[in-house]
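Note sheet for the following structure.
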Protein chains: 2
Amino acid sequence: MNPPTIKDVAKAANVSVATVSRVLHNLAGYSDRTRQKVMQAVEELGYQPNAIARGLVNKRTQTIGVLFPHVSSSFSSDILHGIEETAQEKGFSVIVCNTAEEGKRTMKYLQVLREKQVDGIVFTSEVLKDEYYQAIKEMRVPVILVNTMSQKHMIPYVKVDDRQAAYHATSYLIQKGHREIAMISGSLKDQIAGYPRLEGYRQALTDNGIEYLESRVAIGGFQLERSREAMKKLLTEAPPFTAVFAASDEMAIGAMNYCFEQGLKIPDDLSIIGYDDLKFARMVYPPLTTIHQPLTMMGRMASEKLISLIEHSETQVSSSIVSHQLVERQTVRSKP
Amino acid sequence: MNPPTIKDVAKAANVSVATVSRVLHNLAGYSDRTRQKVMQAVEELGYQPNAIARGLVNKRTQTIGVLFPHVSSSFSSDILHGIEETAQEKGFSVIVCNTAEEGKRTMKYLQVLREKQVDGIVFTSEVLKDEYYQAIKEMRVPVILVNTMSQKHMIPYVKVDDRQAAYHATSYLIQKGHREIAMISGSLKDQIAGYPRLEGYRQALTDNGIEYLESRVAIGGFQLERSREAMKKLLTEAPPFTAVFAASDEMAIGAMNYCFEQGLKIPDDLSIIGYDDLKFARMVYPPLTTIHQPLTMMGRMASEKLISLIEHSETQVSSSIVSHQLVERQTVRSKP
DNA sequence: CTCCCTTAAGTAAACGTTTACTCAAAATGA
DNA sequence: TCATTTTGAGTAAACGTTTACTTAAGGGAG
């Protein structure tokens, strides 16, 4: 009563397992008549190949692992969506691994992925510690970084240029006539979403002959509450300003929230530009002007790169800086 | 230069593979000295067991498959988060399967999961067609339904009582003094998020002696645009009303958006209550009063049930109606 | 008619584990 | 001291495939 195996098919069709395997793989070496017998047996028994057994001999599982710092965010799930989509098109399955805050579970998961013999790994939104790098190197499978990178190790990545995008956002505000521009930034220790974005902001200011004032930068985590506080701080402590660049949509929304509570109107009293273009950026009111990161596409690209690395074991690493896009909605207005 | 196998360890430790296996599994049958030799060899070679080989003999892969109609939504990713979390605690990995719109890829994915020999399946937010049921039955692995159910087949599920929750939402509006209450509903053909919620709404009205008017119900898809249109229709065509119950947060936000554009104030001019309590429900302004579905917890419960079914092959199905919660924020106000 | 090549198929090893058996030596008991 | 049990280990089959190698038969060229 166990699921039928290739042996059962062979017996039913009165041929050897090798022959069954051959017709199933469309290889040569059998007559049309044999083919028919085999197919019929397959049909009658409802035979389905066992990918585990196949994986054992082929040393390929057609499975990739994807590591995320926090699976539930809209951000990660958009990336995942892209990854999963092309993976499945190319015949791969994806195992999701939520590494939790601080990557507490990263090492454990890396081990699981190794034991499960995944063919490749996508590593997202987290800095690639040496420890991780070593572990992955030992597994001898390709990796792709998404929304993160490593200057120490040559690993292909897919991300937008955060510095440039932040520069773009800030320049846009300047171009709209703003000169007193505040920023809500992530932690400066954050080498991806923190420091580079601040640098882009600062550079844009400088390039346009505007003085960079530390007092106009508030550090607020990426969560809602922290950014409300940041906005509050900015509003009370900072010199007057007419626009703010928030390092994430979530921050922008938090800031907007606080402004509304204080009776400030957006964009009339204050312009705001966000970063990420998460789904809810266009759902809030007024719809948020922001920097669009093509997350789903980035996921797709990562998947493609990874799979081509797996299948052709190309050794050349090729990273992609994908271009962001500034999407104008209704939270920034020109200052006359 | 291939990864070391148990044989390599055996050779290095000068024992048989059986012995290595035994010490690795903490079984009896070896001296302390042998244990040490083995452990040392494991250490030196950096041996990691091959889960594929293990899966082949044990007929267990420690992997579950999770089917989603649309991976990228906040809704699904919260459920996924819960599932993944407890799965990993219990030593299981999860393969995500995005079945796409209309479950176009469901059958294909079911086959993949079968070939990959997953130990169980979580099926979410989609109606379980007979075809799916048959396929799963043939795989002989346990299934858990999340946010959906089947009255035809006895399959354990985890969901909130949509009818009751909608009743609750509507009653709440009534209790706040509203008597002219409109609704933005999903398709009535939707047996989960559509029809039952409308029924709950209607029942609450009736039970409170309020006439149910079909003109006060607008059908709008679950996306933003559709719900904006629905709100527009309501505003122009429906008799006057002071509150609206939206069958999803997304709908509620769309409706609010449209109201803002029309200069209506929420909750001053119109009260709105949503459904789901997605992350952004408390991020919009004003924060949305809504029905909370404990999605992450539902995911955890599903995982737990599934794994206990896998491990103890209990035959009793036990479903859970988890309780929703009405979370009061700022989009509903009492009518004097 | 032979020789050789092609075609159609079978045999068996290999993939890396787990585990039921087997077995020798050591420990125990009388 | 001898019989019996316990302990520490090894042997080999099994899991379900894939695939290199072998083989037998058939067909064509000379």
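The chains referred to below are lettered A, B, ... by the order of the sequence lines, with proteins before strands, and numbering in each begins at 1. The analysis underlying the following values was restricted to heavy atoms, covering all of them including side chains, and did not include hydrogens, waters or symmetry mates.
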> To the nearest angstrom, how far is B:R35 atom CZ from D:dT7 atom P?
Replying inline: 17 Å
> A:T5 side chain N/O closer than 4.0 Å to the phosphate oxygens (OP1, OP2) of D:dG16?
Replying inline: no
> Can you tell me if A:K90 and A:S303 form a side-chain donor-acceptor pair at under 3.5 Å?
Replying inline: no
>> Without decimals, in angstroms, what is the distance between A:R60 CZ and D:dT19 C1'?
In response: 17 Å
> What about B:R33, does its side chain sit under 3.5 Å from the base of D:dG8 through a donor-acceptor pair?
Replying inline: no
> How do B:N14 and A:L24 order along DNA chain D: which one's closest nucleotide is nearer the 5' end?
Replying inline: B:N14
> Rounded to whole angstrom units, what separation is found between the CG atom of B:N50 and the P atom of C:dA14?
Replying inline: 18 Å
> DNA chain C: A:A18 or A:A28, which has the more 5' nearest nucleotide?
Replying inline: A:A28
>> Rounding to an integer number of Å, can you tell me how far B:E115 CD sits from D:dT18 P?
In response: 10 Å
> A:K7 NZ to D:dA14 C1': how many Å, rounded?
Replying inline: 8 Å
>> I want to check something: taking the side chain as every heavy atom from C-beta on, are A:H153 and A:D130 in contact at a cut-off of under 4.5 Å?
In response: yes
> Rounded to the Å, how far apart are A:N58 CG and D:dC15 P?
Replying inline: 20 Å
> Which whole-number value in Å describes the distance from A:L56 CG to C:dA14 C1'?
Replying inline: 9 Å
> Is there a side-chain polar atom (N or O) of B:S31 under 4.0 Å from OP1 or OP2 of D:dT7?
Replying inline: no
>> Just so I know, are the side chains of A:Y30 and A:K37 near enough to count as touching, which here means a heavy-atom distance under 4.5 Å?
In response: no
>> Side-chain N or O of A:T19 versus OP1/OP2 of C:dA9: is the shortest distance under 4.0 Å?
In response: no
> Tell me: OH of A:Y30 to P of C:dA9, nearest whole Å?
Replying inline: 10 Å
>> Whether the side chain of A:T296 engages the backbone of A:I79 through a donor-acceptor N/O pair (distance < 3.5 Å, no angle test) should be reported.
In response: no
> OP1 or OP2 of D:dA9 sitting under 4.0 Å from any side-chain N/O of B:T34?
Replying inline: yes
>> Check the phosphate of D:dT18 against A:K59, side-chain N and O only, distance under 4.0 Å to OP1 or OP2. Yes or no?
In response: no
> Would you say the side chains of A:E115 and A:Q111 form a donor-acceptor pair under 3.5 Å?
Replying inline: yes
>> Quick check for you: to the nearest 0.5 Å, what is the distance between A:F68 atom CZ and A:I83 atom CD1?
In response: 4.5 Å
>> Checking B:K116 against B:T63: is there a side-chain donor and acceptor pair closer than 3.5 Å?
In response: no
> Hey, does the side-chain of A:R22 have a donor or acceptor N/O within less than 3.5 Å of a partner on the base of C:dG10?
Replying inline: yes
> Considering the terminal five base pairs at each end of the helix from C:dC1-D:dG30 to C:dA30-D:dT1, what angle separates the two local helix axes, rounded to 10°?
Replying inline: 50°
